[in-house]
Protein chains: 2
Amino acid sequence: MAARRAEMMAETRAKLIAAGRRAFAEKGYAATSMDDLTAAVGLTRGALYHNFGDKRGLLAAVVDQVDEEMATRAAAEAERRGGDDWEKLLIEGVAYIEAAMTPEVQRIVLLDGPAVLGDPSNWPSQNKCLAATMDCLARLAGTGRIKPVSIEAAARLLNGAALNAALWVAASESPDAVLPEAIEAFTHLASGLLVREPA
Amino acid sequence: MAARRAEMMAETRAKLIAAGRRAFAEKGYAATSMDDLTAAVGLTRGALYHNFGDKRGLLAAVVDQVDEEMATRAAAEAERRGGDDWEKLLIEGVAYIEAAMTPEVQRIVLLDGPAVLGDPSNWPSQNKCLAATMDCLARLAGTGRIKPVSIEAAARLLNGAALNAALWVAASESPDAVLPEAIEAFTHLASGLLVREPA
DNA sequence: CGGTTTCACATACGTTGTGTATGTGAATTG
DNA sequence: CAATTCACATACACAACGTATGTGAAACCG
């Protein structure tokens with residue numbers, strides 16, 4: 001248990017990011033005090049500003065981590081169930097909708113993230129979920145299964161629809177009841193990209 | 001020019017809302033000081049808190065106004081050009097994308113609005129744009145032109161896709177170049193709702 | 001090994017902004 | 001015309017961010 005300097009620092013960063021996920025998810029970005037946040041993990045604001053520059057820097061790190069987890073989980077789910085590229089696209093899309101049902105993802109990635117860090121397209125982490133969707137679409141375009149359309153545009157629209165749907169579902173009175181409706185609508189919309197499609 | 005008390009108050013509210021649109025659009029909600037905001041129109045924070053309760057109240061009023069303008073413009077555009085219900089749906093969708101190209105709409109309605117006021121589904125103003133889209137879809141469902149799908153879900157997905165697309169377009173290097181791509185992708189996606197559709 | 005330097009983090013301070021409690025003067029009411 | 005309302009201004013308390021400075025232990029070096 002040598003505890004080198006770099007290891008200590010990595011641990012500090014991890015603790016702060018973890019605390020950020022909790023606090024931002026529960027109270028929202030604006031209502032979260034950096035004094036309380038750092039104290040909750042036995043540190044002070046000094047550690048925060050040294051490691052992340054400012055409050056936004058911590059949010060960026062948190063968003064990056066959550067985004068990566070979402071992408072990884074969605075990819076794993078698509079991998080687990082087999083299927084061709086088209087089915088993978090749908091599975092991933094549905095996985096995003098389901099992932100975005102958690103308050104943590106909604107508050108941090110969908111609401112505060114864009115407001116504080118700007119549109120995801122400019123995020124340094126460059127939105128791994130979006131990249132995965134573009135990958136899928138590119139393969140489909142290569143085999144000519146989807147109409148000739150801008151890959152990036154289609155990916156943006158699809159993900160935007162999925163995540164926005166999740167916000168609506170979560171805000172509804174009975175999320176469990178409307179979630180399938182959202183998934184069905186999403187599937188129909190996506191099918192609009194196919195060149196041939198019987199229901 | 002009697003200047004009744006109620007008229008004065010309405011004027012004050014209008015001035016504050018107008019100032020809010022400017023400041024929120026330019027500097028964002030969080031970076032806007034209510035001291036500066038009110039001073040810019042020759043008032044103090046007293047007027048603000050008396051009329052809107054708090055800072056969020058002003059944002060809600062601003063969002064409501066902008067949202068209503070968007071819906072009105074989109075409806076007018078759909079009216080101006082003729083077409084059946086399906087074409088109206090597309091025209092309105094495209095109108096939303098184009099409206100959301102302005103920094104004012106992006107910053108206020110798409111970024112700060114949801115972050116501060118929560119998901120649009122719970123807004124008291126109840127998102128007039130969404131209502132218009134649902135109207136269109138309901139008529140289309142009535143005549144059996146679209147697949148049997150939850151109207152609300154489809155409307156949410158469509159608007160989510162449209163507005164998200166606008167954020168992406170605006171953030172890109174050459175918005176004019178990618179805007180048509182976004183519109184094309186949107187049209188394709190929407191066509192996924194149709195029961196029969198040749199390209 | 002001992003002195004020096006680095007650096008991760010803590011402490012202290014100034015500034016800004018929100019919300020609230022209270023004051024005030026003009027418009028309304030009886 | 002005296003009393004009251006009320007739209008808004010003034011004054012205050014408190015919270016939070018960012019920065020400037022301090023500190024002690026680890027790393028470096030001869």
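Convention: sequence-line order gives letters A, B, ...; per-chain numbering from 1. All figures in this text were calculated on a predicted structure; none of them were measured in a lab.
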(message) Measuring from atom CG of B/N164 to atom CZ of B/F186, what distance do you get when rounded to the nearest 0.5 angstrom?
(response) 12.5 Å

(request) Grab the NZ-P distance between B/K27 and C/dT16 for me, whole Å please. (result) 13 Å

(request) Please report, rounded to the nearest Å, how far the C1' atom of C/dT6 is from the CE atom of A/M9. (result) 13 Å

(request) Decide yes or no for B/V116 and B/V63: does some side-chain heavy atom of the first lie under 4.5 Å from some side-chain heavy atom of the second? (result) no

(message) Please list, in numerical order, the residues of residues 29-56 of chain B that have a heavy atom closer than 4.0 Å to any atom of DNA chain C.
(response) B/T32, B/S33, B/M34, B/D35, B/R45, B/Y49, B/D54, B/K55

(request) Could you tell me whether the side chain of B/D67 and the main chain of B/K128 form a donor-acceptor pair under 3.5 Å? (result) yes

(request) Just jot down the side-chain hydrogen bond (donor to acceptor under 3.5 Å, both in side chains) partners of B/E184, sequence neighbours excluded, or say none. (result) none

(message) Test of understanding: with salt bridge (Lys or Arg N to Asp or Glu O under 4.0 Å), list the residues that count as partners of A/E26, not counting sequence neighbours.
(response) none

